[in-house]
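We use all heavy atoms of the structure for the numbers below, so side chains are in, but hydrogens, waters and symmetry mates are not. These numbers were taken from a predicted model, which means no experiment stands behind them. Numbering of ligands and ligand atoms starts at 1, following listing order.
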Amino acid sequence: AETTEEAGDTAADSGEKITVGFAQVGHESDWRTASTNSVQDAFSEANGYDLQFVDCDNDSAKQIEAVRQFIQNDVDYIVIDPIVSTGWDTVLTECEDAGIPVIVIDRTIEDSDKYVSWVGSEFMNEGLASGAWLKAYAEAKGITDLNILVIEGSNGSSAQIGRTDGFKKYADAEGWTILDSQDGDFTQDGGQQVMESYCKSYAGKFNVVVCQNDNEAFGAMDAMKAAGVSYGVDKDVILISFDACKAGLEYVQSGDINADFMCYPLQGSYCADIVKALKNGETVAKQTFMTEPWYVAEDILKSITYTNNAGDEVTEDLIQVT
Ligand code: AHR
């Protein structure tokens, strides 16, 4: 693996390509496509990189294997977007022993600190914000009885864990009924299948659906439409989503999704900056959080206040999509 040396604005300024291995989660969602493009752009040949990209197809064993292959290939840096948050210590120790710095993006790793830096979202705050919004929205609309169905993201991912725990904190405190909470695997098909089964099991019994990403929401909308359930602004069901990708925001604009909590996918340039800093022998931050706005279809609420995961009471603007 490469040791510290001088570098300019682009890695290419040093004249020698920097090799980076990127073990990506898969290709399950619009968000993931944006993430892949962002990392591939940041580590392009023109920028002086030789990127080894592996789409791990949402398979944890394949992802560990990809990292081991990067070690075999003696890459200079390894970037991992971990499918699940545990099971990392052994392979990260192998990276450390090989002298290859690891950067983690997007999802977090819970069982090891053997990586130099992480860039991503505070998923717990996304979940808390969605709960705070639903509480304030239901109050504003005079809705007192909330019966909720959740379509979770891939179980064991930090995105699923944070969004589930953050929202549940509000549901528990407010005494909301969560009728069911099943894994939709962050895919449109998964969202549709889970929602089809919910529409049969809970027909006429639910008035809120929380999808843990936009693609699940697209599938859930198809399933509700087929079952004759209306959703969105002033309809039978309040629909909440996460990611705020382009198509998701179009559905917020049309009033089909009531609120969409952004997860910022363009983390490639942050990652490349970390590689450049490491190459220059500079110290890098252990954590970098993305700034994430919350989007809504109506203007009845201007902001929400909640206690975030750091324990701070925050008031954040809601952006109405017009
Ligand atoms: O880890 C980020 C999550 O993974 C995004 O919310 C989702 O769309 C993706 O698949």
Side-chain angles (χ1 to χ4, degrees), residues 22-39 54-60 62-63 79-86 88 103-110 115 118-130 150-167 181-194 209-221 239-252 257 259-268 270-271 287-295 309:
F22 176 36
Q24 173 64 295
V25 168
H27 50 272
E28 71 283 3
S29 62
D30 289 17
W31 190 99
R32 190 61 56 201
T33 304
S35 160
T36 294
N37 291 341
S38 163
V39 173
V54 179
D55 175 335
C56 300
D57 206 13
N58 217 20
D59 177 340
S60 296
K62 191 169 171 184
Q63 194 165 40
V79 179
I80 303 171
D81 189 330
I83 295 168
V84 290
S85 60
T86 54
W88 285 101
I103 299 155
V104 177
I105 65 166
D106 173 31
R107 302 180 183 175
T108 52
I109 281 173
E110 300 301 329
Y115 56 88
W118 166 84
V119 172
S121 305
E122 177 51 281
F123 297 115
M124 176 69 111
N125 286 352
E126 294 172 0
L128 288 166
S130 68
V150 180
I151 304 181
E152 295 180 22
S154 305
N155 281 191
S157 68
S158 65
Q160 173 265 329
I161 295 166
R163 289 171 190 164
T164 303
D165 292 351
F167 182 78
S181 194
Q182 290 181 24
D183 188 348
D185 229 2
F186 282 132
T187 65
Q188 182 155 344
D189 274 2
Q192 182 163 354
Q193 280 170 30
V194 172
V209 171
V210 180
C211 295
Q212 287 185 353
N213 82 345
D214 281 340
N215 291 82
E216 288 180 344
F218 306 154
M221 287 192 274
L239 183 57
I240 295 173
S241 186
F242 295 85
D243 280 1
C245 68
K246 189 169 177 289
L249 288 178
E250 281 165 7
Y251 282 116
V252 179
I257 292 177
D260 204 342
F261 296 83
M262 178 171 250
C263 181
Y264 188 72
L266 307 182
Q267 296 160 2
Y270 294 84
C271 205
Q287 294 186 314
T288 306
F289 289 97
M290 300 293 97
T291 303
E292 303 188 320
W294 318 134
Y295 293 95
N309 200 25

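Classified by interplanar angle (parallel below 30°, tilted 30° to 60°, perpendicular above 60°), the ring pair Y264/Y270 is perpendicular. Ring geometry for W118 against F289 counts as perpendicular: the plane angle is over 60°, on a 0 to 90° scale with 30° as the lower cut.
The CD atom of Q24 sits 4.0 Å away from atom OG of S35, with the distance rounded to the nearest 0.5 Å. Rounded to the nearest 0.5 Å, atoms OG1 (T86) and CD1 (I109) are 10.0 Å apart.
When only modelled atom types and interatomic distance are considered, T187 and N215 share no side-chain donor-acceptor pair under 3.5 Å.
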Tabulated below should be the N or O atoms of ligand 1 paired with protein N or O atoms at under 3.5 Å; can you produce that?
from: ligand 1; atom 1: 1 (O); to: R32; atom 2: NH2; distance (Å): 3.4
from: ligand 1; atom 1: 1 (O); to: D106; atom 2: OD1; distance (Å): 3.1
from: ligand 1; atom 1: 1 (O); to: D106; atom 2: OD2; distance (Å): 2.8
from: ligand 1; atom 1: 1 (O); to: R107; atom 2: NE; distance (Å): 2.8
from: ligand 1; atom 1: 4 (O); to: R32; atom 2: NH2; distance (Å): 3.1
from: ligand 1; atom 1: 4 (O); to: R107; atom 2: NH2; distance (Å): 2.9
from: ligand 1; atom 1: 6 (O); to: R163; atom 2: NH1; distance (Å): 2.8
from: ligand 1; atom 1: 6 (O); to: R163; atom 2: NH2; distance (Å): 3.2
from: ligand 1; atom 1: 6 (O); to: D243; atom 2: OD1; distance (Å): 2.5
from: ligand 1; atom 1: 8 (O); to: S29; atom 2: OG; distance (Å): 3.1
from: ligand 1; atom 1: 8 (O); to: N213; atom 2: ND2; distance (Å): 2.9
from: ligand 1; atom 1: 8 (O); to: D243; atom 2: OD2; distance (Å): 2.6
from: ligand 1; atom 1: 10 (O); to: E28; atom 2: OE2; distance (Å): 2.4
from: ligand 1; atom 1: 10 (O); to: S29; atom 2: OG; distance (Å): 3.0

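Within a 6.0 Å radius of OH in Y251, other residues, nucleotides and ligands contribute 12 heavy atoms or fewer.
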